[in-house]
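What follows is a short report on a single structure.
Letters A, B, ... mirror the listed sequences (proteins, then strands); counts begin at 1. Because only heavy atoms are used, hydrogens play no part in the values below, and waters and symmetry mates are left out as well, while side chains stay in.
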2 protein chains.
Amino acid sequence: MKSPGYGKMTGRYDDDCVATREILSLVGDKWSVMVIVNLGEGPVRFSELKRAIEGISQRMLTLTLRNLERDGLLTRTVHPTTPPSVDYALTKLGRTLLEPVSVLAMWAQRHRPEIERSREAFARTARAK
Amino acid sequence: MKSPGYGKMTGRYDDDCVATREILSLVGDKWSVMVIVNLGEGPVRFSELKRAIEGISQRMLTLTLRNLERDGLLTRTVHPTTPPSVDYALTKLGRTLLEPVSVLAMWAQRHRPEIERSREAFARTARAK
DNA sequence: CGGAATCCGCAAAGATACTG
DNA sequence: CAGTATCTTTGCGGATTCCG
């Protein structure tokens with residue numbers, strides 16, 4: 001990665017931090033990863049995504065897709081049929097994100113029991129409040 | 001909401017998704033990764049963290065540390081000196097997160113120029129609004 | 001020094017209704 | 001079908017104050 005903030009803080013170090021954090025927040029976004037994973041095997045239509053991602057609102061799906069399109073992670077293709085259909089597909093860049101994200105997702109899966117146990121234990125201490 | 005009774009096939013799948021997303025959101029958290037990275041080389045005191053992580057408020061540092069402690073990613077140690085000093089250190093679990101996170105951070109670093117170019121291009125289209 | 005408690009603004013997220 | 005527009009609500013996060 002980068003050397004942690006140990007010695008001198010250069011301006012560029014901070015810039016990198018901010019920019020990196022901004023990109024990381026995309027992964028922590030409530031819906032982005034869901035969308036990306038759902039596009040992992042090929043193009044998917046708007047309504048399919050909405051059905052696949054349980055709990056997402058129309059609005060949030062639109063916004064999430066718009067952000068991912070803006071960042072160049074997916075493409076939006078309109079088919080001028082009646083009624084119109086629009087499908088979304090990962091770009092090459094988007095597909096390269098698939099792997100790092102799944103590494104992290106696997107970490108989450110693997111350590112989930114441990115984390116939940118920790119939470120329960122923490123809840124039993126006075127500090128939980 | 002949860003699945004409104006479409007059979008039992010979705011129950012566990014949804015649970016996994018929600019739980020995984022919850023853990024992933026920790027990575028997307030504005031400050032968590034910064035804290036984790038700063039603890040990568042050993043215990044650090046509260047005030048050192050506050051100075052090292054530029055822009056973080058006392059409150060948010062406290063909250064972030066509390067959450068990470070709750071999840072078992074770091075430990076909090078109080079030294080009963082006067083004035084008191086408290087230091088934080090990654091747990092074993094916390095250290096295992098260091099690697100997947102840096103994979104993702106490296107992805108972010110590497111593709112940042114590409115993403116920023118995409119954003120600029122997007123801003124020049126009408127869709128940018 | 002390392003917090004906890006309180007207040008508050010603002011932006012993000014949800015619900016609803018309407019449209020090309 | 002695939003959105004947009006609008007309104008309301010939630011809750012993150014900053015600033016400030018107080019305490020052991």
Side-chain angles (χ1 to χ4, degrees), chain A residues 17-18 21-22 24-35 38-39 43-71 74-89 122 125-129, chain B residues 1-2 4 18 21-22 24-35 38-39 43-71 74-89 122 125-129:
Chain A
C17 281
V18 171
R21 190 169 60 199
E22 188 179 353
L24 286 183
S25 75
L26 187 139
V27 171
D29 184 86
K30 191 170 180 183
W31 305 111
S32 291
V33 169
M34 286 288 144
V35 169
N38 270 278
L39 296 183
V44 181
R45 294 182 53 172
F46 184 89
S47 50
E48 292 181 271
L49 280 174
K50 179 140 172 37
R51 257 176 286 115
I53 304 175
E54 184 156 350
I56 195 169
S57 67
Q58 209 171 38
R59 171 189 153 85
M60 289 316 295
L61 180 54
T62 299
L63 289 178
T64 302
L65 289 168
R66 193 74 75 244
N67 281 333
L68 293 174
E69 184 192 5
R70 168 178 56 87
D71 289 353
L74 56 80
T75 58
R76 176 177 182 270
T77 309
V78 182
H79 298 100
T81 59
T82 50
S85 88
V86 180
D87 58 32
Y88 295 86
F122 189 82
T125 70
R127 299 175 49 68
K129 182 57 186 311
Chain B
M1 314 301 176
K2 295 220 75 105
V18 170
R21 190 170 60 197
E22 188 179 353
L24 286 184
S25 75
L26 188 139
V27 171
D29 183 86
K30 191 171 180 184
W31 305 111
S32 291
V33 170
M34 285 289 145
V35 168
N38 270 277
L39 296 183
V44 181
R45 293 184 53 175
F46 184 89
S47 50
E48 292 182 272
L49 281 173
K50 178 142 173 38
R51 258 176 285 118
I53 304 175
E54 185 155 350
I56 195 170
S57 68
Q58 205 174 40
R59 171 189 153 84
M60 289 317 295
L61 180 54
T62 300
L63 289 178
T64 302
L65 289 168
R66 194 72 75 240
N67 281 332
L68 294 174
E69 184 193 4
R70 168 178 56 86
D71 290 353
L74 56 80
T75 58
R76 177 177 181 269
T77 307
V78 182
H79 298 99
T81 59
T82 52
S85 88
V86 180
D87 58 33
Y88 295 86
F122 189 83
T125 70
R127 299 177 46 68
K129 177 66 179 304

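Atom NZ of A:Lys50 and atom C1' of D:dT4 are 15 Å apart (whole Å). One atom, CD of A:Glu69, and another, P of D:dA2, lie 15 Å apart when rounded to the nearest Å. What separates OH of A:Tyr88 from P of D:dC1 is a distance of 14 Å, to the nearest Å. Residue A:Arg66 contributes atom CZ, which lies 11 Å from atom P of D:dA5 at whole-angstrom precision. Regarding A:Arg51, its CZ atom lies at a distance of 13 Å from the C1' atom of D:dA2, rounded to whole Å. Put simply, CZ on A:Phe46 is 6 Å from C1' on D:dA2, counting in whole angstrom units. Across the protein-nucleic acid pair, B:Ile53 atom CD1 and D:dG14 atom P stand 12 Å apart, rounded to whole Å. Note: CD (A:Glu48) to P (D:dC1) measures 11 Å, nearest angstrom.
Residues B:Leu63 and B:Trp31 form no side-chain contact, since every pair of their non-hydrogen atoms from C-beta on lies 4.5 Å or further apart. Looking at B:Leu68 and B:Val35, their side chains come closer than 4.5 Å, going by heavy atoms from C-beta outward.
In terms of modelled atom types and a separation under 3.5 Å, the side chain of A:Ser57 and the main chain of A:Met60 share a donor-acceptor contact. Judged by distance alone, with hydrogens and angles left aside, the side-chain atoms of B:Lys50 form a donor-acceptor pair with the main-chain N or O of B:Ile56 at under 3.5 Å. Without hydrogens or angle criteria, B:Thr125 side chain to B:Phe122 main chain gives a donor-acceptor distance under 3.5 Å.
The rotation axes computed at either terminus of the helix from C:dC1-D:dG20 to C:dG20-D:dC1 lie 50° apart, taking five pairs at each end and rounding to 10 degrees.
Pairing each heavy atom of B:Leu39 with each of B:Tyr88, the nearest pair is CD2-O, 3.4 Å. Smallest separation of non-hydrogen atoms from B:Arg45 and B:Pro84: NH2-O, 4.3 Å.
In the region residues 57-65 of chain A, proximity to DNA chain C at under 4.0 angstrom, judged on heavy atoms, holds for A:Gln58, A:Arg59, A:Met60.
Here A:Lys30 reaches the OP1 or OP2 of C:dG14: one of its side-chain N or O atoms lies under 4.0 Å away. When the side-chain nitrogen and oxygen atoms of A:Arg45 are compared with OP1 and OP2 of D:dC1, none of them lie within a distance under 4.0 Å. The shortest distance between the side-chain N/O atoms of A:Ser47 and the OP1/OP2 oxygens of D:dA2 is below 4.0 Å.
A salt bridge links B:Arg66 with B:Glu69: the distance from a Lys NZ or Arg NE/NH1/NH2 to an Asp or Glu carboxylate oxygen falls below 4.0 Å.
Qualifying side chain to side chain contact (heavy atoms under 4.5 Å, CB included) partners for A:Pro43, counting only residues two or more places apart in sequence or in other chains: A:Asp87, A:Ala89.
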